[in-house]
Protein chains: 2
Amino acid sequence: MNIRDLTYLRALSRHKHFGKAAESCNVSQPTLSVQLKKMEDDLGVTLIERTNRAARLTPIGENVLALADEALGAVDAIRTITAEASDPFSGHFRFGSIPTISPFLVPDVLVALGRTFPKLQLVFRENITERLTEDLLNGDLDAAILATPPETPRLLSIPLYNEPLLVIHPLGHDLAALDGLIPSDLPLDQMILLSEGHCFRDQTVDLCNIQSRTTLAETSVTSLETIISLVEAGQGISIVPALAQGKGWLDRPRIGVQLLRSQGATRQLNLTFRKSSPRRKLIKAVSDEIMALLV
Amino acid sequence: MNIRDLTYLRALSRHKHFGKAAESCNVSQPTLSVQLKKMEDDLGVTLIERTNRAARLTPIGENVLALADEALGAVDAIRTITAEASDPFSGHFRFGSIPTISPFLVPDVLVALGRTFPKLQLVFRENITERLTEDLLNGDLDAAILATPPETPRLLSIPLYNEPLLVIHPLGHDLAALDGLIPSDLPLDQMILLSEGHCFRDQTVDLCNIQSRTTLAETSVTSLETIISLVEAGQGISIVPALAQGKGWLDRPRIGVQLLRSQGATRQLNLTFRKSSPRRKLIKAVSDEIMALLV
DNA sequence: TGATTATGATAGACATAGTCTATGAATATA
DNA sequence: TATATTCATAGACTATGTCTATCATAATCA
């Protein structure tokens with residue numbers, strides 16, 4: 001059987017005439033005749049009652065036609081939705097980012113993308129790098145804003161922004177006297193860290209060369225917001241990404257902020273996606289859009 | 001596009017692997033690859049995200065698959081219902097008969113057909129010859145039991161029964177004295193007739209050579225049952241088909257019944273159907289079944 | 001790192017399906 | 001009886017689908 005055969009049947013039922021039905025299908029009368037005969041032979045049933053004045057569907061022919069209409073409707077819907085979706089900037093776009101980026105960047109990204117790609121339906125998901133990477137690999141995400149380069153060749157990434165790092169400390173802390181901090185200036189026993197799993201924690205640990213027993217186990221929390229509050233309360237010092245400042249998160253009277261000056265004291269934000277993704281064009285456009293927010 | 005292509009897409013989404021999907025479709029891997037690629041090109045959309053480890057549907061691919069499933073379901077249903085219907089003694093059988101036959105024959109016919117063809121769904125319709133003929137011609141009926149030969153070459157008929165005619169009169173009527181009536185014996189001014197449109201009325205009129213003003217206008221009624229009641233009440237005489245007697249309709253103490261002996265004093269019942277009907281086999285079997293009831 | 005394995009794409013030959021024009025058979029119409 | 005109309009059939013041609021063989025790419029493992 002064949003989709004075309006079904007349209008032939010539909011045309012015949014409409015015109016009740018082989019010649020006219022064929023014309024409406026833009027084929028010759030024998031073509032339509034032969035194909036419908038083949039379909040009847042194939043199904044082992046007479047679908048059409050042939051007369052010299054009118055071709056009529058048999059009862060079973062009518063039942064087949066009803067189902068044929070259903071099938072043709074579905075096929076038509078396929079053509080419709082694919083025609084709409086052939087615009088690469090349409091459909092669902094599922095992206096994620098890590099918790100140390102999202103609060104400072106994602107709201108703006110959502111607004112900007114929504115404005116630039118009105119036909120794109122945005123779905124956002126926050127999680128740690130490991131989970132986002134899984135979601136990327138199994139196809140649940142189209143892209144993710146990460147601060148670490150992909151560990152598998154199956155993922156690619158576009159650089160977005162090289163973000164400076166800031167040291168925050170309570171007002172009046174010894175560090176306030178120094179100008180231009182480097183990691184070794186920091187009193188490690190006062191460092192408040194994010195909990196395990198956050199890549200920003202790993203980066204801080206690497207940067208400051210913190211050994212496993214160097215710092216207090218208690219001072220690890222699950223969000224930058226908590227860290228900032230703790231620092232403000234005089235409970236210690238920490239390192240935060242510079243984007244936090246842009247959003248006014250650090251504009252608090254009891255917090256001192258200083259740039260961390262050191263080679264590698266930045267983090268590289270990038271947009272990561274599957275190498276096999278067929279949505280390269282869209283992903284590139286999205287990355288441009290995000291970069292425009294970060295100048 | 002092609003129904004087969006849709007099954008390829010479905011198989012691929014199930015196996016997430018071109019080779020395995022191809023195997024499940026009993027085709028080679030390149031065949032499936034090429035066909036799906038063609039479908040994508042045709043639709044102008046990437047349906048599949050290809051990797052060396054897993055082939056996955058894109059979001060739009062998933063949407064297309066859902067519709068493909070719908071279409072394939074309908075096609076499957078076509079195969080199912082036609083496979084069932086390939087038995088000629090199944091499906092709906094729509095037949096009719098005229099009011100001067102139905103009450104005496106159709107109940108038995110329904111029972112007999114139901115018993116012999118259990119998979120046949122019977123639909124019965126009573127009407128006058130003219131309407132039934134229309135319904136036959138436009139395909140609303142498969143067959144009809146009529147008492148007149150078809151007037152168009154587009155209809156054929158199978159003879160069922162040559163039915164004698166009976167004269168009925170009130171008990172004690174002059175006719176009771178006679179043995180073996182012929183039409184000219186009948187007092188035409190006492191004849192009760194069916195109303196216009198009934199072929200049995202026409203036959204009676206012909207048979208008795210009744211002129212338009214010969215009989216009383218008031219004595220025309222719409223059913224044989226009414227005629228019998230009127231005769232029983234002494235309001236006149238009439239002619240009825242012999243089948244009426246078989247069913248006991250005439251077994252009333254105040255009615256006399258006599259056979260009408262005359263050439264042409266019978267009516268020919270037959271089963272009429274479209275010459276173009278593809279259900280000849282069934283119709284022949286049905287006529288055999290009815291004839292068996294009429295021996 | 002280099003060999004091996006797995007995956008999907010591509011090329012070219014071949015077979016099958018579908019389509020066309022021309023024509024025929026059957027029936028209705030004048 | 002001649003003419004229309006309608007659908008079926010035949011034979012040539014074309015498009016489409018399918019195969020085998022092979023290639024390119026990437027993952028895996030010694």
Any donor-acceptor N or O pair under 3.5 Å, side chains Arg267(A), Thr100(A): yes
Looking just at side-chain N and O atoms, do Thr266(B) and Glu163(B) make a donor-acceptor pair shorter than 3.5 Å? no
Applying a 3.5 Å limit to both distances, which nucleotide forms a Watson-Crick or G-U wobble pair with dA17(C)? none
Between Asn2(A) and dA17(C), is there a side-chain N or O to OP1/OP2 distance below 4.0 Å? no
Give Ser33(B) one of three labels, base, sugar-phosphate or nothing, depending on what nucleic acid heavy atoms sit under 4.0 Å from its own. sugar-phosphate
dT14(D) -> Watson-Crick or G-U wobble partner, both distances under 3.5 Å, gives none
Does a side-chain N or O from His17(A) land closer than 4.0 Å to OP1 or OP2 of dC7(D), or not? yes
Salt bridge Lys38(B)-Asp42(B), side-chain N to carboxylate O under 4.0 Å: no
Return the 5'-most residue of the pair Val34(A), Arg4(B) with respect to DNA chain D, ranking by each residue's nearest nucleotide. Val34(A)
Taking syn as a glycosidic torsion within 90° of 0 and anything else as anti, which one is dA9(C)? anti
Which residue lies toward the 5' end of DNA chain D, Thr152(A) or Tyr8(B), if each is placed at its nearest nucleotide? Tyr8(B)
Could you tell me how far apart Leu155(A) (CG) and dA26(D) (P) are, to the nearest whole angstrom? 14 Å
May I ask you to check whether over 12 heavy atoms, not counting those of Glu23(A), lie within 6.0 Å of atom CD? no
Find the partner of dT27(C): check Watson-Crick (N1-N3 plus N6-O4 or O6-N4) and G-U wobble (N1-O2, O6-N3) distances, both under 3.5 Å, and reply none if neither fits. none
Pair assignment for dA4(D), Watson-Crick or G-U wobble, requiring both distances under 3.5 Å: none
Contact under 4.0 Å: Arg50(A) side-chain N or O vs dA26(C) OP1/OP2: no
Would you say Thr31(B) reaches dC19(D)'s phosphate, i.e. side-chain N/O to OP1/OP2 under 4.0 Å? yes
Quick one: is Lys38(B) getting a side-chain N or O under 4.0 Å of the dG17(D) phosphate, OP1 or OP2? yes
Does the side chain of Asn270(A) come under 3.5 Å of the side chain of Thr272(A) through a donor N or O and an acceptor N or O? yes
Assign dA15(C) to syn or anti; the rule is syn for a glycosidic angle within 90° of 0 and anti otherwise. anti
With a 4.0 Å cutoff (strictly under), does any side-chain N or O of Gln35(A) reach OP1 or OP2 of dG18(C)? yes
